[in-house]
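Remember, it's 1-based here, ligands and their atoms both numbered in the order they're listed.
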Amino acid sequence: MKKISVLGTRFDDISIPEAVEAALQLMAEKKGSYVVTPNPEIVLAGRKNRKLAGALRGAALSLPDGVGVVLASRILGTPITNRVPGIDFATALLSRMSDRGMSVFLLGAEEGVAETAADRLSERFPGLRILGTNDGYFSEYDEGPLLERINEAEPDLLTVCLGSPKQELWMRTNRDHLRVGLMAGLGGTLDVWAGVTKRAPRKWRRLGL
Ligand code: UDP
């Protein structure tokens, strides 16, 4: 897999279908791997925050979320071919997982959002087994029981939608304590799946806006 560094953050230069295949492979290996989807803000934050930089480096898969990273890579003379928005990657992944009857635990966002996302996703992907949900505003006190719930469920995929840098740091810290196939840090993806926030119109997205 070709890797390209943009201002210190490493990216895998792969298409969405290739990223999905790589993610399925990582799930099968069950090694506590995680996926990050840095946008330009996260890349810049990684230059100032050493812990975040370490968490980004520890990812098994790093996908360029948005046109800003791709533009920066072109300006720096090491162009990334593919833009891989986290939401598109994650939706394509769930579709494949549904075909195979695989399982997911939805973690993140405001109270109620993960449940709504679960309802909508079960309609869209009937083969997908959604083993649990939890909002992303748990206290330190609640974290132990949450980890236990996730471990009892043993999902193939854990979505970690806590915003950046919280989600990257959380995945890095908990990778050794969790029995999951793969974790993916996906920002506001649960809000979009739940219909709480809308994506920009398709035309705008194609133009990279
Ligand atoms: N969020 C969360 N816990 C927190 C802070 C944020 O679950 O402590 C959620 C928030 O509700 C939203 C997502 O994380 O659903 C952040 O989305 P955003 O698109 O802002 O992601 P970013 O651009 O920060 O990756």
Side-chain angles (χ1 to χ4, degrees), residues 6-12 16 19 23 34-49 51-59 61-72 83-91 93-94 104-121 130 132-147 149-150 155 157-174 178 180 182-201 204-205 208-209:
V6 176
L7 301 172
T9 296
R10 173 191 58 79
F11 288 95
D12 294 295
I16 291 179
Y34 59 91
V35 183
V36 293
T37 56
N39 59 20
E41 289 80 9
I42 298 176
V43 169
L44 292 179
R47 286 165 72 82
K48 294 197 191 123
N49 180 338
K51 278 195 176 162
L52 173 59
L56 293 173
R57 261 199 311 277
L61 205 52
S62 175
L63 307 173
D65 184 33
V67 74
V69 172
V70 174
L71 286 178
R83 162 166 71 119
V84 182
I87 175 93
D88 293 341
F89 158 72
T91 307
L93 181 58
L94 290 192
V104 65
F105 191 111
L106 305 175
L107 169 64
E110 306 261 356
E111 214 180 314
V113 173
E115 284 87 341
T116 307
D119 290 343
R120 291 179 135 212
L121 289 171
I130 302 177
T133 59
N134 204 91
D135 69 77
Y137 294 86
F138 48 89
S139 65
E140 249 175 71
Y141 179 76
D142 294 328
E143 188 158 355
L146 169 62
L147 294 182
R149 267 182 66 216
I150 297 169
L157 176 69
L158 173 66
T159 69
V160 185
C161 299
L162 306 175
S164 188
K166 192 171 169 185
Q167 61 197 14
E168 290 82 14
L169 300 176
W170 194 89
M171 291 191 291
R172 168 81 180 221
T173 305
N174 290 299
L178 282 168
V180 301
L182 179 71
M183 289 181 273
L186 295 166
T189 294
L190 285 176
D191 296 310
V192 179
W193 281 338
V196 176
T197 52
K198 288 233 171 359
R199 298 192 71 187
W204 290 23
R205 280 187 265 138
L209 296 173

Please report the shortest heavy-atom distance between [X] and [Y], naming the atom on each side.
X      : Y      : answer
Pro38  : Thr9   : CG-CG2, 4.1 Å
Ala72  : Val6   : CB-CG1, 4.0 Å
Leu162 : Gln167 : N-OE1, 3.2 Å
Thr189 : Ile87  : CG2-CD1, 3.7 Å

Which residue and atom name correspond to the protein heavy atom nearest [atom], and how close is it?
atom                    : answer
atom 8 (O) of ligand 1  : Lys166 NZ, 2.8 Å
atom 11 (O) of ligand 1 : Tyr137 OH, 2.8 Å
atom 13 (C) of ligand 1 : Gly187 O, 3.6 Å
atom 23 (O) of ligand 1 : Asn39 ND2, 4.0 Å
atom 18 (P) of ligand 1 : Gly188 N, 3.8 Å
atom 5 (C) of ligand 1  : Leu162 O, 3.3 Å

Are [X] and [Y] close enough that some pair of their side-chain heavy atoms sits under 4.5 Å apart?
X      : Y      : value
Tyr34  : Leu158 : no
Val196 : Thr116 : no
Tyr137 : Glu111 : no
Leu107 : Trp170 : yes

Test item: side-chain donor near acceptor, Asp142 and Ser139, under 3.5 Å: yes
Whether Leu190 lies under 4.0 Å from ligand 1, heavy atom: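 Judged by the 4.0 Å heavy-atom criterion, Leu190 does not count as contacting ligand 1.
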Any protein heavy atom < 4.0 Å from atom 20 (O) of ligand 1: no
Numbered atoms of ligand 1 (with element) below 4.0 Å of Asp191, judged on heavy atoms: 12 (C), 15 (O)
Atoms of ligand 1, numbered as shown, that sit under 4.0 Å from any heavy atom of Ser164: 24 (O), 25 (O)
Polar proximity ligand 1 side, Gly108 side, N/O cut 3.5 Å exclusive: no
Ligand 1-proximal atoms of Glu41, by part, heavy-atom distance under 4.0 Å: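 Neither; nothing of Glu41 gets under 4.0 Å from ligand 1.
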Heavy-atom proximity to atom 16 (C) of ligand 1, best of Pro165, Gly185, Gly163, Ala109: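 The nearest heavy atom belongs to Gly163.
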Option of least heavy-atom distance to atom 9 (C) of ligand 1 (set: Pro38, Ala194, Gly136, Cys161):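 Checking each option, the heavy atom nearest atom 9 (C) of ligand 1 is found in Cys161.
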